[in-house]
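Below: one structure in structure tokens.
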There are 2 protein chains.
Amino acid sequence: MTEIKENNMPQAIEQFILYWGDMGGQWGVNRSVAQIHALLYLATKPMNAEEITERLGIARSNVSNSLKELVSWKLIRRVPISGDRREHFEAETDVMEMAMRIAQGRKEREIDPAAMALKECVAQAQGDNKIDPIALERLQAMEVFVVQGSKWYEQMLSIPKGQLATLMKMGDKVIGLLKFAGGKKAK
Amino acid sequence: MTEIKENNMPQAIEQFILYWGDMGGQWGVNRSVAQIHALLYLATKPMNAEEITERLGIARSNVSNSLKELVSWKLIRRVPISGDRREHFEAETDVMEMAMRIAQGRKEREIDPAAMALKECVAQAQGDNKIDPIALERLQAMEVFVVQGSKWYEQMLSIPKGQLATLMKMGDKVIGLLKFAGGKKAK
DNA sequence: TTGTAATTTCTGTTTTTACAGAAATAACGA
DNA sequence: TCGTTATTTCTGTAAAAACAGAAATTACAA
């Protein structure tokens, strides 16, 4: 973990930024991006790029690129400050909303292209009489699963935040309820 | 003993391995790991490390480490071949099972440590009277969400495969059924 | 316009990660 | 035991990603 420039921020915030930055690496984004996100998430007012640069001690250019990426994920947004021509940014602070945006981003970046590539593979495999039937079967199974998973994901993301939260709180209890509600509707 | 392995693998399989390997990078694993997984997923019989090395043209040591990682994800397993003292490997071929294993692995590697770190941050923040109440609130909101998300994830993974598949097929229709079954819940 | 502040893009450096090949270790048969 | 083969660990190198600082561009005020 890299250190952060001298400052008088509370330790907990410092920790959070460092940790979140580190965590970012595990997920798809780099440290700078994640640190800036953490900083803005806890900030009580919008910040401009210069402030972020100083606060985190990273290069201005780096901040610029990272902000662009965060905006593309819709995790932060530009907010105009009257009388100040510099661009200011603030983070989405609703965690559920945040999670959904991340999920949406990952779907687009990971799942969708996977589904497309698989489709091509299967198409090619089907026109190849040299291919082992078992391998073909597996390719198809994978494709079906990814396509279906993609649809499910999309549906989940279309559910209003509040209902999704309810659904999550219910956890595995949905199963029981579905049995009750759906009853005889097997298949 | 060095006849050149005729590499007239069907194009589709070749593609799949290359693509899957590439995709692995987006997810948490490197190319070699993902390629080996793809190869074993389509293989009709268990393979040993040497075969994999030749087939993919990567270093033996690399194969060894990658296999270890795949085993740790439980995406492949060692299978003894009688009369052959070399270790052979085969992949889990049930895609749903595979997805659940990956989900489980990611939870352990990403979500759980995040929850723990957040807990520390919040604890520290609570004992700091210098901290902005809004920032504290956000830290707490994040922690609650992550902990809850973690529980939900765990519950989902405890659901039998078949039921989970049903649940996925239902998609957002669960919402409607839940309203019917459980009545509405006023916030 | 022209000057200045803000931002982005470009280029080279540093850091990190993936990987190959060698060396070491372990497993097993004789 | 020893010799052979399979496997892992170690070490250096290559490739990729993150990043800083400079240069270029853009936006705007006067």
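On a predicted model such as this, the values are computed, not experimentally measured, just so you know. Order of the sequence lines sets the chain letters (A, B, ...), proteins ahead of strands, with each chain counted from 1. For the numbers below, each heavy atom of this structure counts, side chains included, while hydrogens, waters and symmetry mates do not.
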Subject >> B/W152 side, atom CH2; A/L167 side, atom CG - distance, nearest 0.5 Å >> reply: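 Going from CH2 on B/W152 over to CG on A/L167, the span is 8.0 Å.
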**OP:** Among A/K107, A/K119, A/K151, find the one that has a salt bridge (Lys or Arg N to Asp or Glu O under 4.0 Å) with A/D112.
**Re:** A/K107
**OP:** Quick one: pull up CD1 in B/I17 and CH2 in B/W20 and give me the separation to the nearest 0.5 Å.
**Re:** 12.0 Å
Sort me out a list of protein N/O and nucleotides 21-24 of chain C N/O pairs below 3.5 Å, or just none if empty.
residue	atom	partner	partner atom	Å
C/dG21	N7	B/S61	OG	3.3
C/dG21	O6	B/S61	OG	2.9

Subject >> Spacing between A/I58 atom CD1 and C/dT13 atom P, to the nearest angstrom >> reply: 21 Å
**OP:** Return yes if some donor-acceptor pair links the side-chain N/O of B/S64 with the main-chain N/O of B/R60 below 3.5 Å, else return no.
**Re:** no
Original post:
Could you state the CD-P distance from A/Q26 to C/dT17, rounded to the nearest angstrom?
Top reply: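 About 10 Å, once rounded to whole Å.
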Original post:
With a non-hydrogen cut-off below 4.0 angstrom, is B/E87 in contact with a base, only sugar-phosphate, or nothing?
Top reply: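 Contact class for B/E87: sugar-phosphate only.
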**OP:** List in numerical order all residues of residues 63-86 of chain B for which some heavy atom is under 4.0 Å away from an atom belonging to DNA chain D.
**Re:**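 Heavy-atom contacts with DNA chain D come from B/S64, B/N65, B/K68, B/R85, B/R86.
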Subject >> Main-chain N/O of A/V146 paired to A/S150 side chain as donor or acceptor, under 3.5 Å >> reply: no
Subject >> Separation of atom CD1 in B/I36 from atom C1' in D/dT7, rounded to whole Å >> reply: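 After rounding, the reported distance stands at 14 Å.
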**OP:** Carefully, step by step, assess A/R86 and A/E50 under the rule salt bridge (Lys or Arg N to Asp or Glu O under 4.0 Å).
**Re:** CA-CA 9 Å; A/R86 289 170 301 181; A/E50 198 58 41; over 6 Å; no
Original post:
Counting just side-chain N and O atoms, does B/N30 come under 4.0 Å of either OP1 or OP2 of C/dC19?
Top reply: yes
Original post:
Okay, side chain of B/R101, backbone of B/W73: is any donor-acceptor separation there less than 3.5 Å?
Top reply: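 Absent.
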Original post:
Between A/S32 and D/dC19, does any side-chain N or O lie under 4.0 Å from OP1 or OP2?
Top reply: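 So the side chain of A/S32 is within the cut-off, an N or O lying under 4.0 Å from OP1 or OP2 of D/dC19.
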Original post:
To the nearest angstrom, how far is A/W27 atom CH2 from D/dA17 atom C1'?
Top reply: 21 Å
**OP:** Can you tell me the distance, in whole Å, between the CZ atom of A/R31 and the P atom of C/dT16?
**Re:** 7 Å
Subject >> Residue pair B/E69 / B/L75, side-chain heavy-atom distance below 4.5 Å >> reply: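 B/E69 does not reach B/L75 side chain to side chain.
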Original post:
Is B/K74 salt-bridged to B/E92, cutoff N-O under 4.0 Å?
Top reply: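 The answer is no: the pair does not qualify as a salt bridge.
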Subject >> Interatomic distance, A/E51 CD vs C/dA5 P [rounded to whole Å] >> reply: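 The answer, rounded to whole Å, is 17 Å.
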